[in-house]
Peer 1: 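Below you will find the structure I want to go over with you.
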Amino acid sequence: MAGLLRASEEGLRIVDIARRNPGWNKTGDVWCQAALTSKATLKRFWARQPIRRETFIDICKAVGIHNWEDIIERRDIQHTEPLLAAAIADLPASGEPAESFPLPEKLPPAHTWTGRAQELETLKAQILDAHPGVNPTAICIVGLTGTGKTALANQLIHQLHTEKAPFAAAAWATLRSPTGKPLPFDTIADSLSLSLSTTDPPNPSQLPGVGKIESGSPQDNCLKKTENLLKLLKEKPCLVVFDGVETLLKTGQAGGAGYFAEDCADYAWLFKHLVEIEHQSKIIFTSQETLAELHLRSTRTLTLTGLDAEAAVALLQSFHLTATPTELHELQARYCGHPKALELVAALIRDDSEYGGRAGRFLQDRDWLLTRDIESMLDEVMQRLSASERTCLCRLSVYQTSEYSLTLAGIAAQMPEVSRYELKEHILLALKRRHLLEYDTQRESYRLHPLVREKAGHILSQNPEDFRAAHRQAYRYFSTLPLKPESEWKDIEDIQPVIRAHYHASQAEDWEEAERAIARMDKCLRRWGYGEEKHSLSLLYHPSQVAGNLDCEVRQMLGATEE
């Protein structure tokens with residue numbers, strides 16, 4: 001099936017009416033996903049530019065138009081464009097591949113897909129654009145567990161297959177095993193050689209070094225299998241995915257985050273050669289951790305975060321919950337668009353008789369984020385940390401980073417036992433490589449994902465003394481932050497450090513310090529028009545009670561004054 005098609009003006013009018021039934025935008029993500037195409041292709045479709053025949057048909061069928069022949073520009077077929085005529089006649093067009101590469105035999109099953117249109121465009125541009133020295137040999141898709149790295153790579157393979165990308169073969173290697181340990185190097189290397197050697201089922205006995213017990217050393221065996229794979233990648237353009245590379249990386253060492261484990265030296269050798277040696281193929285890695293050892297000039301890294309609001313709501317809608325638009329948006333906001341967490345929560349709401357599919361009931365019932373399944377997912381990540389990483393992450397969980405900026409000074413206040421160098425170059429770098437700590441370039445501050453913060457907070461709370469000590473360190477940090485002169489205090493932001501100091505002192509059960517903070521705020525509020533007889537914070541929040549919502553209370557007071 002070959003050829004190019006373009007739409008007529010009347011055809012576009014028909015498609016425009018059809019796409020309004022599902023409420024799709026002309027270049028919306030949902031349409032791109034349903035047609036397995038890109039926004040750029042949809043734009044060419046609406047501009048009446050020629051596109052591949054199969055993609056043209058998929059675009060039409062996605063909005064319920066099965067008589068796609070009614071949409072094409074027939075006058076061009078008859079008079080000016082032989083490529084269009086070839087498409088209708090089902091004849092191959094000159095210079096266009098007759099077939100796409102076969103999908104990898106071990107490709108995981110595709111599930112409901114939503115969002116990530118921009119990420120797909122970025123990946124395809126890096127893979128398909130021919131700019132030697134600019135485009136990478138390898139692309140690393142990285143991010144916190146559950147952000148959809150495997151699903152994105154899967155969708156990429158399907159789209160490249162549909163769009164007949166110029167690859168002769170494709171292979172998918174999953175490195176994880178049921179035991180949690182990586183699969184043996186020989187198993188993966190032999191499987192890839194078999195997959196890439198031909199489009200037909202090969203005879204293993206005809207491939208050198210495949211399925212045989214080598215008489216040489218393990219190192220010689222690794223060299224031979226690496227050489228064989230490189231030969232295949234040089235002979236023809238191939239697309240290879242290594243899924244779950246974090247399985248090969250060091251655990252329990254802050255300085256080793258992102259580096260290959262000693263017992264995975266054969267994989268490290270293979271990957272470095274795949275990236276550094278010139279060939280005409282593309283390599284894709286997925287990993288929960290940033291890969292620190294791969295050649296920087298020939299690799300690119302794409303970091304996945306949460307889905308945008310539109311895609312996250314679409315994911316929730318696929319579970320057919322009973323929910324208002326406001327409730328769906330609140331759910332996606334609570335979980336910052338984390339795909340796996342949203343799937344687990346949506347399935348819980350749908351299947352648990354307590355909720356009966358009602359998202360509003362779930363939202364009212366819980367003021368926490370973690371479910372047992374989400375916590376199990378995060379447990380696997382926490383087990384990879386060193387003792388210093390775990391300590392730092394748990395102590396940082398006392399900071400409410402969604403409400404204010406967290407600086408390096410605030411982090412250092414929680415880790416007084418280590419030097420700034422050790423903190424910055426080992427612990428924080430490791431947490432960032434593991435995607436447990438983020439740096440917000442716009443706010444120039446650090447933040448924890450809400451799921452990570454809650455998980456780390458649960459671990460910290462299991463030791464009450466450690467919990468109080470972390471809050472005590474936070475209180476001291478906020479107490480040292482400089483404030484404007486009291487005569488210049490005008491709104492709540494001017495006394496935020498005092499409010500935060502009070503909160504942490506209360507959590508640490510340091511009542512004298514908490515009362516000092518209240519006294520300072522009392523003085524400030526009286527200046528803003530609050531008398532002691534009406535709104536004294538010392539009456540609202542006696543030091544013997546833990547005041548966790550003081551910021552909100554003060555804001556409400558100030559709002560009432562302004563009105």
Side-chain angles (χ1 to χ4, degrees), residues 142-146 176 179-182 244-265 268 287-293 369-370 374-401 406-439 445-477 504 507-508:
V142 300
L144 180 65
T145 178
R176 305 181 191 92
T179 64
K181 297 181 179 180
V245 180
E246 74 278 351
T247 315
L248 311 175
L249 305 180
K250 292 180 179 180
T251 62
Q253 303 176 43
Y259 289 88
F260 292 101
E262 285 78 4
D263 57 354
C264 294
S287 174
Q288 292 177 15
E289 298 183 16
T290 298
L291 306 181
E293 289 190 67
L369 298 176
L370 298 180
I374 295 175
E375 197 160 8
S376 296
M377 176 178 69
L378 294 173
D379 281 338
E380 297 180 10
V381 179
M382 300 298 288
Q383 290 171 3
R384 300 182 62 84
L385 304 185
S386 65
S388 59
E389 290 175 85
R390 187 183 178 95
T391 297
C392 183
L393 196 66
C394 289
R395 291 178 184 177
L396 293 185
S397 69
V398 303
Y399 290 125
Q400 298 170 312
T401 55
L406 177 60
T407 64
L408 179 61
I411 299 174
Q414 290 291 350
M415 299 293 291
E417 67 272 26
V418 301
S419 67
R420 283 291 184 99
Y421 175 85
E422 175 72 16
L423 178 63
K424 183 78 172 178
E425 299 299 329
H426 288 268
I427 300 173
L428 297 188
L429 180 58
L431 291 175
K432 288 194 294 181
R433 281 181 176 166
R434 301 191 202 277
H435 300 279
L436 297 174
L437 182 68
E438 304 171 11
Y439 186 79
S445 63
Y446 297 87
R447 65 181 295 270
L448 297 176
H449 190 284
L451 293 175
V452 175
R453 177 177 179 266
E454 189 167 302
K455 174 62 180 176
H458 281 187
I459 296 173
L460 183 67
S461 65
Q462 293 173 7
N463 189 319
E465 185 52 41
D466 289 347
F467 175 84
R468 287 191 294 270
H471 277 287
R472 194 171 295 117
Q473 295 285 18
Y475 161 76
R476 292 168 182 165
Y477 164 67
H504 291 293
Q507 293 291 320

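Since the structure is predicted, the reported quantities are computational estimates derived from the model, not experimental observations. For this chain, numbers begin at 1 and follow the sequence in order.
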Peer 1: Got a donor-acceptor contact below 3.5 angstrom from the Arg433 side chain to the Ala257 backbone?
Peer 2: yes
Peer 1: Looking only at side chains, do Thr290 and His435 share a donor and an acceptor under 3.5 Å apart?
Peer 2: yes
Peer 1: Taking salt bridge (charged side-chain N to carboxylate O under 4.0 Å, His left out) as the test, write out the residues that go with Glu289, two or more places apart.
Peer 2: Arg384, Arg434
Peer 1: Just jot down the ring-ring contact (aromatic ring centres under 6.0 Å, His included) partners of His471, sequence neighbours excluded, or say none.
Peer 2: Phe467, Tyr503, His504
Peer 1: According to side-chain contact (heavy atoms from CB on, under 4.5 Å), who are the partners of Ala469, at least two apart in sequence or on a separate chain?
Peer 2: Arg472
Peer 1: Just verifying a value: how many Å separate Leu393 CG and Ile459 CD1, rounded to the nearest 0.5 Å?
Peer 2: 7.5 Å
Peer 1: Nearest heavy-atom pair of Ala430 and Ala254: which atoms, and what distance?
Peer 2: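 In terms of heavy atoms, the two residues are closest at CB-O, 3.3 Å.
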Peer 1: Going by side-chain contact (heavy atoms from CB on, under 4.5 Å), name the residues that satisfy it together with Glu380, two or more places apart in sequence or in a different chain.
Peer 2: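 Result, side-chain contact (heavy atoms from CB on, under 4.5 Å) vs Glu380: none returned.
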Peer 1: Who are the salt bridge (charged side-chain N to carboxylate O under 4.0 Å, His left out) partners of Lys250, not counting sequence neighbours?
Peer 2: Glu262
Peer 1: Please find the pair of heavy atoms, one from Tyr259 and one from Glu293, that lie closest to each other, and give the distance.
Peer 2: CD2-CG, 3.1 Å
Peer 1: Are Val245 and Val142 packed together at the side-chain level, in the sense that at least one heavy-atom pair is separated by less than 4.5 angstrom?
Peer 2: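 No, every pair of side-chain atoms sits at 4.5 Å or beyond.
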Peer 1: Applying side chain to side chain contact (heavy atoms under 4.5 Å, CB included), run through Glu454 and His458 and close with a yes or a no.
Peer 2: CA-CA 6 Å; Glu454 189 167 302; His458 281 187; 3.9 Å; yes
Peer 1: Please enumerate all residues that pass salt bridge (charged side-chain N to carboxylate O under 4.0 Å, His left out) together with Glu375, with sequence neighbours excluded.
Peer 2: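 Testing Glu375 for salt bridge (charged side-chain N to carboxylate O under 4.0 Å, His left out), a comparison that skips the adjacent residues, returns Lys455.
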Peer 1: Which residues satisfy the side-chain contact (heavy atoms from CB on, under 4.5 Å) test with Thr145, sequence neighbours excluded?
Peer 2: Gln288, Met377, Leu378, Val381
Peer 1: Could you pull out all residues at least two apart from Tyr477 that satisfy ring-ring contact (aromatic ring centres under 6.0 Å, His included)?
Peer 2: none
Peer 1: Identify the heavy atoms of Leu369 and Pro450 that sit nearest to each other, and give their distance.
Peer 2: CD1-CB, 3.5 Å
Peer 1: Cut-off 3.5 Å, no hydrogens considered: what does the side-chain donor-acceptor table look like for residues 421-429, sequence neighbours left out?
Peer 2:
from, atom 1, to, atom 2, distance (Å)
Lys424, NZ, Tyr446, OH, 2.9

Peer 1: Identify, with sequence neighbours excluded, every residue that meets side-chain hydrogen bond (donor to acceptor under 3.5 Å, both in side chains) alongside Arg420.
Peer 2: none
Peer 1: For Ser386 versus Gly252, what's the shortest heavy-atom pair and its separation?
Peer 2: CB-O, 3.4 Å
Peer 1: For the atom pair CG (Asp379) and CD1 (Ile374), what is the distance rounded to the nearest 0.5 Å?
Peer 2: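 Atom-to-atom, Asp379:CG and Ile374:CD1 are 12.0 Å apart.
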Peer 1: Return the set of residues passing salt bridge (charged side-chain N to carboxylate O under 4.0 Å, His left out) with Arg447 (not counting sequence neighbours), or none when no residue passes.
Peer 2: Glu438
Peer 1: Side chain to side chain contact (heavy atoms under 4.5 Å, CB included), that's the test. Do Cys392 and Leu431 meet it? Break it down for me.
Peer 2: CA-CA 9 Å; Cys392 183; Leu431 291 175; 4.2 Å; yes
Peer 1: Hey, what do you get for CG (Leu448) to OG (Ser397), rounding to the nearest 0.5 Å?
Peer 2: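 Result: 7.5 Å between the selected atoms.
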Peer 1: Using the side chain to side chain contact (heavy atoms under 4.5 Å, CB included) rule, take Arg176 and Lys181 through it: C-alpha gap first, then chi angles, then the decisive distance, then the call.
Peer 2: CA-CA 6 Å; Arg176 305 181 191 92; Lys181 297 181 179 180; over 6 Å; no
Peer 1: The criterion is side-chain contact (heavy atoms from CB on, under 4.5 Å); which residues satisfy it with Gln414, sequence neighbours excluded?
Peer 2: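 With neighbours one apart ignored, the set is Arg395, Leu396, Val398, Tyr399, Ala470, Gln473, Ala474.
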Peer 1: How far apart are the C-alpha atoms of Ser287 and Leu249, what are their side-chain angles, what is the distance that settles it, and do they pass the side chain to side chain contact (heavy atoms under 4.5 Å, CB included) test?
Peer 2: CA-CA 10 Å; Ser287 174; Leu249 305 180; 4.1 Å; yes
